[in-house]
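One structure is given below, encoded as structure tokens.
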Amino acid sequence: MRANDPVEQEKDVKFTSLLANLVIFHNTLDIADVVRELQAEGEVIDPLDLAQISPT
């Protein structure tokens with residue numbers, strides 16, 4: 001962004017948005033894995049609890 005080139009600035013913004021979306025997606029997958037493990041161990045998962053930890 002040092003060059004003040006609008007095309008390069010747009011690329012940087014798009015890359016940053018993509019990176020943020022990937023982090024959110026990865027966290028969602030991690031949460032789903034943990035929930036599945038807990039359910040496999042016999043834990044009852046309340047949907048309201050999941051709503052509290054939702055990454056979105």
Side-chain angles (χ1 to χ4, degrees):
M1 285 204 167
R2 287 184 234 159
N4 272 345
D5 180 5
V7 173
E8 290 301 315
Q9 289 176 347
E10 186 176 351
K11 286 180 187 177
D12 287 345
V13 168
K14 286 181 179 180
F15 176 75
T16 302
S17 294
L18 176 62
L19 183 59
N21 287 334
L22 288 171
V23 169
I24 291 168
F25 182 68
H26 188 272
N27 286 342
T28 303
L29 291 177
D30 286 345
I31 291 169
D33 286 343
V34 170
V35 168
R36 280 190 211 100
E37 287 176 21
L38 288 171
Q39 287 175 327
E41 294 172 2
E43 294 288 333
V44 176
I45 306 297
D46 185 352
L48 293 176
D49 291 337
L50 288 179
Q52 294 297 315
I53 61 170
S54 173
T56 57

Criterion side-chain contact (heavy atoms from CB on, under 4.5 Å) against Ile31, the qualifying member of Asp33, Val34, Val35, Leu29: Val35
List the steps and the verdict of side-chain contact (heavy atoms from CB on, under 4.5 Å) for Asp30 and His26. CA-CA 6 Å; Asp30 286 345; His26 188 272; 3.1 Å; yes
Ile45, Ile53: one ILVMFWY side-chain cluster at the under-4.5 Å cut-off? yes
To the nearest 0.5 Å, how far apart are NZ in Lys11 and CD in Gln9? 12.0 Å
